[in-house]
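First up is the structure itself, then whatever we jot down about it.
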Amino acid sequence: MSLEWFEGSLSAAATSASTQKLVLLVCILDKTNPKEVEKISQLSSVPEIQKLAADHCLCVCLARGTDDAKQFSRLYPVPNILTVYFIYQKSNILFSGDDITQENITAAILQKKGSGVTTSTVKVPLETLEQENQSHWQTLEAERLRSQLVNQKKKDSQYIKQLRKAIEDDRMTYQYIHGKPPTPTPPISPDTGAVFKPSTSTSARLLFRISNGQTISSEFSADTQFKEVRVFLEQKLDRTRSNIEVSMAMPRVVLDNDSDTQTLAALKLTHSATLFVTVMGRPNSNTSHTSVLRMSPLIILSALLLVIAAWTIGSQL
């Protein structure tokens, strides 16, 4: 290579370029790739590039895979092909692959230093060069973000597999120490002590919790209309329809007259369900007896008046 390459670390080259106010030209290549080595050798032998680089650049050549190349890739996105960076102050220009040409390299050096050297030999306008470089930079940044996302997804997938394996190992360890977990027993009614047997979808086992603390249970067909359940409660509780209110607990819904024509399946009361029943007033039998008692004083008074009238008439005769 005909260019004068800096010998030393990357940090030393950056410090030297900043102190001398030179453009830091960084070339990253695979020295085992003959095509990349030959291309850099041809460009570095061009007299115009040699003169511009000697006057305005500090040149560094990094072999891909070395510590300096890895350090540089952490600061700037680097594709896995031949790459040339021009770094000066706060702006950078990147060329890679087929974009590394004599015209682009010459234009980049002139743009960075604003040299008085004539630009008649530069075939690429500086504005176009800057736009292409910006587009290239955005493409590399998008590729870097995509690679990060792919790597993160791989890590997440591996973590999920490890977590599932840890859960399975814990389950096996528990079974080894304590044995297999016991088979769950069917629930037992706290009121009757009877075991609830699972019902088929064509039947409905209803448990009624009465407001006076009483509980009643019965089984109906899923096709039964709810008005038949009301008749059942009227007979069991000795109440009229107006003195019985039936509701579901969660959410609390009062089953009014509109529910009478619906089936238990339509009301989602199949299998087993609990209904709350609020009773009001007195039983029908007590109400009838009370009505008689309430009428008895009038009857007695009428009877007394009749007796008195009869006695008066009898005495006059």
Side-chain angles (χ1 to χ4, degrees), residues 152-153 156-292 294:
Q152 186 62 41
K153 286 184 177 180
D156 292 344
S157 177
Q158 292 176 356
Y159 176 76
I160 292 174
K161 290 181 180 179
Q162 292 176 357
L163 187 61
R164 288 176 177 173
K165 186 177 183 303
I167 293 174
E168 184 63 25
D169 291 344
D170 290 343
R171 184 182 293 111
M172 297 300 295
T173 302
Y174 179 89
Q175 292 183 5
Y176 179 78
I177 298 175
H178 303 284
K180 292 184 178 180
T183 304
T185 56
I188 300 176
S189 170
D191 304 304
T192 62
V195 176
F196 286 115
K197 296 181 179 180
S199 303
T200 63
S201 58
T202 58
S203 63
R205 183 176 181 82
L206 301 182
L207 178 66
F208 303 95
R209 293 191 177 275
I210 317 302
S211 57
N212 59 10
Q214 183 183 1
T215 58
I216 303 173
S217 63
S218 184
E219 189 166 351
F220 302 87
S221 171
D223 298 330
T224 302
Q225 292 186 341
F226 191 71
K227 62 183 178 182
E228 298 181 27
V229 179
R230 289 192 188 276
V231 174
F232 169 79
L233 291 174
E234 291 172 10
Q235 295 174 352
K236 285 289 185 180
L237 300 175
D238 193 20
R239 295 293 199 284
T240 60
R241 179 188 178 90
S242 59
N243 289 333
I244 297 177
E245 180 186 83
V246 185
S247 62
M248 294 188 293
M250 295 182 65
R252 188 177 187 278
V253 177
V254 177
L255 300 172
D256 53 15
N257 296 335
D258 296 336
S259 305
D260 287 352
T261 57
Q262 298 187 50
T263 64
L264 298 181
L267 294 171
K268 298 182 179 180
L269 295 175
T270 54
H271 296 291
S272 61
T274 300
L275 296 177
F276 292 86
V277 181
T278 302
V279 294
M280 298 166 284
R282 298 185 179 184
N284 293 332
S285 57
N286 291 344
T287 303
S288 302
H289 180 66
T290 303
S291 300
V292 173
R294 286 178 181 174

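Nearest approach of L269 to A204, heavy atoms of both residues: O-CB, 3.0 Å. Across M280 and R239, no two heavy atoms sit closer than the pair O-NE, 3.3 Å. Residues N257 and R241 come closest through the heavy atom pair OD1-NH2, 2.8 Å. Contact record, D260 with R230: OD1-NE, 2.6 Å, taken as the closest heavy-atom pair.
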Could you walk me through whether F232 and I216 pass side chain to side chain contact (heavy atoms under 4.5 Å, CB included), step by step? CA-CA 11 Å; F232 169 79; I216 303 173; 3.9 Å; yes
Take R171 and E168 through the side chain to side chain contact (heavy atoms under 4.5 Å, CB included) test and state the conclusion after the steps. CA-CA 5 Å; R171 184 182 293 111; E168 184 63 25; 2.6 Å; yes
Hey, mind stepping through Q262 and L255 against side chain to side chain contact (heavy atoms under 4.5 Å, CB included) and telling me if it holds? CA-CA 10 Å; Q262 298 187 50; L255 300 172; over 6 Å; no
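Two residues are said to be in side-chain contact when any heavy atoms from C-beta on lie closer than 4.5 Å; R209 and L275 fail this criterion. In this structure, L264 and E228 have side chains that are not in contact, with every pair of non-hydrogen atoms separated by 4.5 Å or more. A 4.5 Å side-chain heavy-atom check between K227 and V231 finds every atom pair outside the cut-off. Here the side chains of S157 and K153 are not in contact, with every heavy-atom distance at 4.5 Å or above.
From T274, atom OG1 reaches atom CG of L207 across 4.5 Å, with rounding to the nearest 0.5 Å. One finds the CG atom of N243 at 10.5 Å from the CG atom of D238 (value rounded to the nearest 0.5 Å). Of the inter-residue distances, the one linking D223 atom CG with S203 atom OG reads 10.5 Å to the nearest 0.5 angstrom. One finds the CG atom of D156 at 12.0 Å from the CG atom of L163 (value rounded to the nearest 0.5 Å). We find the CG-CZ distance between D258 and F226 to be 12.0 Å, quoted to the nearest 0.5 Å. Taking CG of D169 as the start and CZ of R164 as the end, the distance is 14.0 Å to the nearest 0.5 Å.
At distances below 3.5 Å, not a single donor-acceptor pair connects side-chain atoms of S272 with backbone N or O atoms of R205.
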